[in-house]
Engineer: 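Shown below is the structure under consideration.
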Amino acid sequence: MLRTHTCGELRADAVGQEVTLCGWVDTTRDHGGAVFVDLRDRYGKTQVVAAPESGADVVEAFKKLHSEDVIQVRGKVAHRPQGTVNPKLATGEIELRVTEVRTLNQCTSPPFTPTQIDLPSEDLRLRYRYLDLRRPAMQQTLLLRSRIIKTMRDYFAEHDFIDIETPILGRSTPEGARDYLVPSRIHHGKFYALPQSPQLYKQILMVAGFDRYVQVARCFRDEDLRADRQPEFTQLDMEMSFVEADDVLAVIDGLVARLAKEILGVDVSTPLPRMTYDEAMRRFGHDAPDLRFDMEIVDCTDLARRADFRVFRSVAEGGGHVRGLRAPGAASQYSRKKIDELTEYVQQDFGAKGLVWFRVEPDGTLWAPVAKNFQAELLAEIAQRMEAEPGDLLLFIADSWDVTCKALYGLRKRLGAELKLYDPQTLHCSWVVEFPMFEYDDEEQRWVAMHHPFTAPRPQDIEKLQSDPGACRAQAYDLVINGSEAGGGTIRIHDPRLQQQVFDLLGIDEASARDRFGFLLDALRYGAPPHGGIALGIDRFVMLFGGLDNIRDCIAFPKTQRATDLMTGAPGIVDPRQLAELAIEVTDFEDDETDEAS
RNA sequence: GGGGCCGUAGCUCAAUUGGUUAGAGUACUGGACUGUCGAUCCAGUGGUUGCGGGUUCGAGUCCCGUCGGCCUCGCCA
């Protein structure tokens with residue numbers, strides 16, 4: 001070992017000890033006769049001092065040190081002189097009086113340093129990820145991630161789950177996200193697909209009798225990125241046999257409570273609250289509502305039908321919906337200009353035709369530019385329905401059910417943050433259950449699975465598979481934390497006939513089902529136990545537990561929004577011989593002359 | 001594929017309505033200093049304003065295109 005201690009562990013009780021430390025030069029303070037260096041490693045910082053008694057050569061060497069040089073220092077731990085203790089530093093009571101210094105490696109002038117006050121732009125951070133990862137905040141996040149994963153693994157191990165790995169090179173399955181493909185060298189024209197999740201394998205493991213499976217699984221989806229979405233991400237994937245939905249939920253309830261306790265020191269009472277999908281859409285316009293604050297959607301379609309105001313009446317009479325939100329005390333904070341911004345927001349992002357708003361006056365009446373188009377009694381009824389208080393702002397969307405959901409969800413999220421309706425520190429975990437089995441895809445003119453095609457319908461809804469697919473509810477559940485989908489799962493179909501029935505509805509005929517999922521259908525015939533499970537988004541757990549607003553900060557080496565790695569240059573062009581071996585011809589090269597990986 | 005924000009010194013930012021030599025802090029270089037901890041003080045180096053084109057007497061500023069980063073809709077569970 002090149003060191004006897006880390007830079008974070010020496011305290012007053014070590015005074016007098018001869019120690020050796022290694023680390024990075026964080027900052028230097030050169031006073032001429034004495035030079036102070038804060039030496040940093042992932043455990044902390046320790047002040048190391050070169051003074052005349054260290055010897056002239058040590059002082060000279062210290063004067064030449066630069067940010068991020070890697071050094072080894074030997075010396076005696078000493079109390080700091082009175083009045084020079086640094087309470088901001090865990091090691092601030094002591095310092096190391098250096099007698100020997102050795103530069104292990106020099107650092108050329110870095111584009112930024114881990115301790116600089118203003119964070120550099122994100123592209124620089126990504127390009128020099130090793131420098132960014134030296135920042136204590138990043139190190140803490142990766143430590144948090146490690147602890148979360150360990151807690152999860154411990155929990156499942158204690159509950160008799162077996163950790164089993166599943167292939168990365170798999171077979172492309174239709175439905176769901178776009179696959180990342182890997183060409184086969186041996187079978188020209190054929191491709192492996194990277195897993196979107198280990199879904200089918202874990203079902204097969206249930207058939208194989210591993211009645212409790214768990215895996216920390218890397219998953220890949222070739223779709224456009226977001227602040228909380230990366231092309232490769234990590235799931236805590238689990239599956240259980242001989243269970244019903246409640247059993248899976250109970251296991252995860254226990255895990256969430258354990259994580260909250262061990263990681264955050266917070267008590268979460270279980271079982272976690274549950275809400276059906278229909279209720280979530282009705283009250284919050286979204287299947288992952290942020291329940292840290294109220295502000296529920298209020299339906300005023302019936303009142304709108306009686307309005308003189310043509311926009312409201314025509315939408316209501318035409319089968320649309322008029323729903324609104326009450327933004328408490330927001331009237332004074334939202335100028336006409338800011339309301340115009342909200343209008344633009346709902347139009348641009350959600351395709352709403354407009355935003356109708358009212359200000360609640362001190363006497364409780366509603367005022368708006370369009371108020372004159374309403375009968376006074378009706379305005380009073382609307383105010384009453386909305387439980388309006390003076391100073392509130394009422395916002396309405398008159399549109400299709402779908403658009404009112406999306407737009408009001410967006411408004412609620414935005415207003416909740418802007419009006420500070422919740423404490424960002426709090427953690428709210430809940431379940432949304434009984435998702436629809438199917439959604440109708442207008443473009444493709446067919447039903448598609450909302451979750452995946454192996455999801456079991458609720459027993460009482462099986463007959464609706466034929467008669468009314470849209471009303472059929474699934475044994476599906478999502479774990480929602482602070483308005484974010486943190487995980488989702490289902491009870492699976494274990495009956496091959498029911499599975500084929502679902503395939504039929506999805507337009508997957510028996511032949512193509514055989515072709516694509518024959519192995520699963522076969523397996524279901526060889527004694528498949530009833531089973532179900534869930535997958536939790538580990539990156540999102542880290543994000544939520546760490547109070548972070550972006551998934552890249554939760555991943556050591558993330559991709560940019562355009563799915564590139566600024567450090568390695570991936571994806572890069574490959575040698576034509578590699579393509580020839582794979583019998584692949586590129587017909588449309590990206591115009592890219594700055595490819596540094598080539 | 002659509003909408004939006006951003007790109008100026010190594011880094012973080014400023015630059016009035018389009019106006020003359022593009023500034024500050026920090027980093028860096030040299031010097032002073034034995035108790036600092038975002039050390040301090042003195043001096044100095046450092047710019048293709050992302051790139052290309054256009055408008056103009058004049059462009060960091062306006063317009064068009066393009067590259068890159070971020071947010072978002074579609075997409076994705």
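Every heavy atom of this structure was used, including side-chain atoms; hydrogens, water molecules and symmetry mates were not. Numbers restart at 1 for each chain; the letters A, B, ... are given by sequence-line order, proteins then strands.
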Engineer: Does the pair A:K337/A:D340 count as a salt bridge with the N-to-O cut at 4.0 Å?
Structural biologist: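 Not counted as a salt bridge, because no side-chain N and carboxylate O are separated by less than 4.0 Å.
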
Engineer: Can we say A:R11 and A:E9 salt-bridge, meaning some charged N sits less than 4.0 Å from an Asp/Glu carboxylate O?
Structural biologist: no

Engineer: B:rG74 base to A:D224 side chain: any donor-acceptor pair below 3.5 Å?
Structural biologist: yes

Engineer: Return the set of residues passing ring pair (Phe, Tyr, Trp, His ring centres under 6.0 Å) with A:Y43 (not counting sequence neighbours), or none when no residue passes.
Structural biologist: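 Once residues adjacent in sequence are excluded, A:Y43 has no partner under the ring pair (Phe, Tyr, Trp, His ring centres under 6.0 Å) criterion.
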
Engineer: Under 4.0 Å between any heavy atoms, over every strand shown, what does A:T455 touch: base, sugar-phosphate, or nothing? Just pick one.
Structural biologist: nothing

Engineer: Strictly below 4.0 Å, heavy-atom distances to any atom of RNA chain B: list the hits from residues 73-95 of chain A, or just say none.
Structural biologist: A:R80, A:P81, A:T84, A:V85, A:N86, A:K88, A:E95

Engineer: So, does A:S121 get its side chain near the phosphate of B:rC70, meaning an N or O under 4.0 Å from OP1 or OP2?
Structural biologist: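 No, outside the criterion.
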
Engineer: What contact category does A:R125 fall into here, base, sugar-phosphate, or nothing, at under 4.0 angstrom with non-hydrogen atoms?
Structural biologist: nothing

Engineer: Tell me which residues in residues 134-141 of chain A put a heavy atom below 4.0 Å from RNA chain B, sorted by number, or none.
Structural biologist: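 Correct list: empty, so none.
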
Engineer: Can you confirm if the NZ or CZ of A:K406 lies within 45° of the ring axis of A:Y409 and under 6.0 Å from the centre of its six-membered ring?
Structural biologist: no

Engineer: For the atom pair OG (A:S430) and CG (A:L479), what is the distance rounded to the nearest 0.5 Å?
Structural biologist: 7.5 Å

Engineer: Could A:R323 and A:W401 be counted as a cation-pi pair, given that NZ or CZ must be under 6.0 Å from the ring centre and within 45° of the axis?
Structural biologist: yes

Engineer: Between B:rA22 and B:rU16, how many Å separate the two C1' atoms, rounded to a whole number?
Structural biologist: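 After rounding to an integer number of Å, I get 14 Å for this pair.
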
Engineer: Measuring only the P atom in each nucleotide, how far is B:rU45 from B:rG23? A whole number of Å is fine.
Structural biologist: 13 Å

Engineer: Pick out the pairs of N or O atoms, protein on one side and nucleotides 5-10 of chain B on the other, that lie under 3.5 Å.
Structural biologist:
{"from": "B:rG10", "atom 1": "O2'", "to": "A:P111", "atom 2": "O", "distance (Å)": "3.2"}

Engineer: Across the strands shown, which category fits A:K45 at heavy-atom distances under 4.0 angstrom: base, sugar-phosphate, nothing?
Structural biologist: nothing

Engineer: Expressed as a whole number of Å, how far does the C1' atom of B:rG46 sit from that of B:rC11?
Structural biologist: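 B:rG46 and B:rC11 have their C1' atoms separated by 13 Å.
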
Engineer: At under 4.0 Å between heavy atoms, what does A:L119 touch on the DNA or RNA strands: base, sugar-phosphate, or nothing?
Structural biologist: sugar-phosphate

Engineer: Measuring to OP1 and OP2 of B:rG69, would you say a side-chain N or O of A:T564 lies under 4.0 angstrom away?
Structural biologist: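 Result: yes.
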
Engineer: Rounded to whole Å, please give me the gap between CG in A:L65 and P in B:rU29.
Structural biologist: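 The answer, rounded to whole Å, is 12 Å.
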
Engineer: Can a donor-acceptor pair under 3.5 Å be found between the side-chain atoms of A:R226 and the base atoms of B:rG74?
Structural biologist: yes

Engineer: Are A:R29 and B:rA39 close enough that a side-chain N or O sits under 4.0 Å from OP1 or OP2?
Structural biologist: yes

Engineer: The criterion is side-chain contact (heavy atoms from CB on, under 4.5 Å); which residues satisfy it with A:A177, sequence neighbours excluded?
Structural biologist: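 If we apply the side-chain contact (heavy atoms from CB on, under 4.5 Å) test to A:A177, skipping adjacent residues, the hits are A:Q196, A:R221, A:E223.
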
Engineer: Could you state the interatomic distance from CG (A:D287) to CG (A:D278), rounded to the nearest 0.5 Å?
Structural biologist: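 That separation rounds to 11.5 Å.
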
Engineer: Which protein N or O atoms sit under 3.5 Å from an N or O of nucleotides 40-43 of chain B?
Structural biologist:
none

Engineer: Does any donor-acceptor pair link the side chain of A:R221 with the base of B:rC76 at a separation under 3.5 Å?
Structural biologist: no

Engineer: About how many Å separate CE of A:M437 and NE2 of A:H451, when rounded to the nearest 0.5 Å?
Structural biologist: 11.0 Å

Engineer: Do the side-chain N or O atoms of A:Q196 get closer than 4.0 angstrom to the phosphate oxygens (OP1, OP2) of B:rA77?
Structural biologist: yes

Engineer: Measure from the side chain of A:H31, starting at C-beta and using heavy atoms only, and say which of B:rC71, B:rU29, B:rG35 lies closest.
Structural biologist: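 Among the listed nucleotides, the one closest to the side chain of A:H31 is B:rG35.
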
